[in-house]
Each structure stands twice: as C-alpha cells, then as structure tokens.
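The next block holds one structure in the form of structure tokens; read it before the comments.
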Amino acid sequence: MSEVEEFVEDAGLYFERLGLSRTAGRAVGWLLASPDGTADAPELCERLGVAKSSLSVALRQLESGGLVTRYRPPQERRDRYRLEEDVFGRAFRAKMTEFAAFTALAEHGLRAVGDAPGPRRRLESMRDMYAFMAREFPRLLDRWDQERSGS
C-alpha cells in the first residue's frame with residue numbers, strides 16, 4: 001500500500017469518527033492528496049475501490065455538508081468534485097453551533113441533579129468549557145482568516 005493510500009485510509013477512519021461515512025472520509029482524503037485536488041465519480045470509485053452507489057451517498061453527504069463542490073468543466077461530460085475553499089475552517093464554524101447545544105445540555109443536567117456535589121461539579125465544568133469555547137473560538141477563527149489573507 002502506498003503512502004497516499006495509507007493516508008486516504010487514515011482520513012476515512014478519522015472522518016468516520018467525526019460522523020461522516022468512512023467512504024466520505026476517504027473521498028476527502030483522496031481530494032486532499034490528489035495531484036490537482038479534483039476527481040470525477042468514476043475516478044473516485046476506482047481509487048477508493050467502492051461501489052458507485054456507496055460513493056454517490058458519500059458525495060451527497062459531503063455536498064450537503066458544504067465540504068465538496070460539484071462542478072462541470074467546459075466541454076466535459078462528467079461532473080467533477082473538489083474540496084470547498086477553506087473547507088476545514090468552514091466545517092469548524094458549522095460545528096461551533098454544537099457548543100450552544102452542549103451548554104444547554106449541561107444546564108439541563110444541572111437542573112436535574114440539583115445540589116448533588118459530584119454531578120454538579122462535572123456538569124458545571126462541561127457548561128463552563130463549552131461556554132468558553134463558544135466565546136473564544138469565533139475570535140480564533142477570525143485570526144485564522146486574517147492570517148490566511150495576509151492581513
């Protein structure tokens with residue numbers, strides 16, 4: 001197995017842990033490592049060794065999540081796929097909405113456990129950490145945008 005193939009497999013496992021299908025994660029891995037950063041569906045099926053139906057579901061998942069763009073180059077008969085510009089910054093911004101959900105879950109837990117010291121301490125820690133993340137990560141991503149743009 002080549003280094004690129006190993007990377008693609010690792011990407012599949014990594015993104016699977018984040019909630020994507022393994023095939024979707026492998027497709028992201030291939031698009032990251034491919035020479036021009038693009039591929040059409042038959043090429044992805046061949047490179048990843050997956051069925052057309054499995055790849056179709058994965059590409060829909062990636063498109064609906066805003067991770068890949070489907071486009072058709074002039075005079076071509078097939079659509080191609082490429083990663084969105086700043087795909088990981090965008091994905092991270094989308095995941096930040098979950099900080100509020102975790103904070104709300106912790107608040108619910110605090111109401112549920114009342115004054116029980118052990119559970120209360122753990123839930124307060126959870127609430128405070130996610131509140132901190134919700135407050136600080138937008139600033140961090142703004143700094144990232146500034147660094148990327150050279151400002």
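Residue indices begin at 1 and follow the sequence shown. Model, not experiment: these values are computed from the prediction.
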S56 side chain vs K52 backbone, donor-acceptor pair below 3.5 Å: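 It does not hold such a pair.
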Answer yes or no: is there a donor N or O on one side and an acceptor on the other, between the side chain of S54 and the main chain of A51, under 3.5 Å?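 Pair absent, no side-chain N/O of S54 close to backbone of A51.
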Do S125 and R121 get their side chains close enough for a donor-acceptor pair, meaning under 3.5 Å?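 No pair is found: no donor N or O on one side chain lies under 3.5 Å from an acceptor on the other.
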Could you check whether S21 and E16, counting side-chain N and O atoms only, form a donor-acceptor pair closer than 3.5 Å?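 S21 and E16 do not have a side-chain donor-acceptor pair below 3.5 Å.
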Flag the pair [X] and [Y] as a salt bridge only when some basic side-chain nitrogen lies within less than 4.0 angstrom of an acidic carboxylate oxygen.
X: R80; Y: E43; answer: yes
X: E63; Y: R60; answer: no
X: R143; Y: E147; answer: no

[X], [atom1] atom: more than 12 neighbouring heavy atoms under 6.0 Å:
X: F132; atom1: CZ; value: no
X: R135; atom1: CZ; value: yes
X: D142; atom1: CG; value: yes

List the atom of E84, the atom of G66, and the distance in Å for their closest heavy-atom pair.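 The pair with the smallest heavy-atom distance is CG-O, 3.1 Å.
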Inter-residue atom distance [X].[atom1] - [Y].[atom2], 0.5 Å rounding:
X: L123; Y: R111; atom1: CG; atom2: CZ; result: 11.0 Å
X: E3; Y: D10; atom1: CD; atom2: CG; result: 9.5 Å
X: M129; Y: E124; atom1: CE; atom2: CD; result: 14.5 Å
X: R26; Y: R47; atom1: CZ; atom2: CZ; result: 12.5 Å
X: M96; Y: L140; atom1: CE; atom2: CG; result: 9.5 Å

For V68, the rest of its hydrophobic cluster, which grows through side-chain links under 4.5 angstrom: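 So far as hydrophobic clustering goes, V68 is joined with V4, F7, V8, Y14, F15, L18, L20, V28, W30, L31, L32, L44, L48, V50, L55, L59, L62, L67, Y81, L83, V87, F88.
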How are the rings of Y130 and F102 set to each other: parallel, tilted or perpendicular (split at 30° and 60°)?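 It falls in the parallel class, under 30°.
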Indicate if F137 and W144 have the same hydrophobic cluster label, given that clusters are the connected sets of ILVMFWY residues with side-chain heavy-atom separations under 4.5 angstrom.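 In one cluster with F137: W144, no.
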Side chains of E85 and R148: does their closest heavy-atom pair fall under 4.5 Å?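 Yes, side chains in contact.
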Any side-chain heavy-atom pair of R72 and R78 under 4.5 Å: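 A side-chain contact is absent here, since even the closest heavy-atom pair is not under 4.5 Å.
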Under the criterion side chain to side chain contact (heavy atoms under 4.5 Å, CB included), I'd like the reasoning laid out for R122 against M126: C-alpha separation, chi angles, the key distance, then a yes or no. CA-CA 6 Å; R122 291 188 294 274; M126 176 183 170; over 6 Å; no
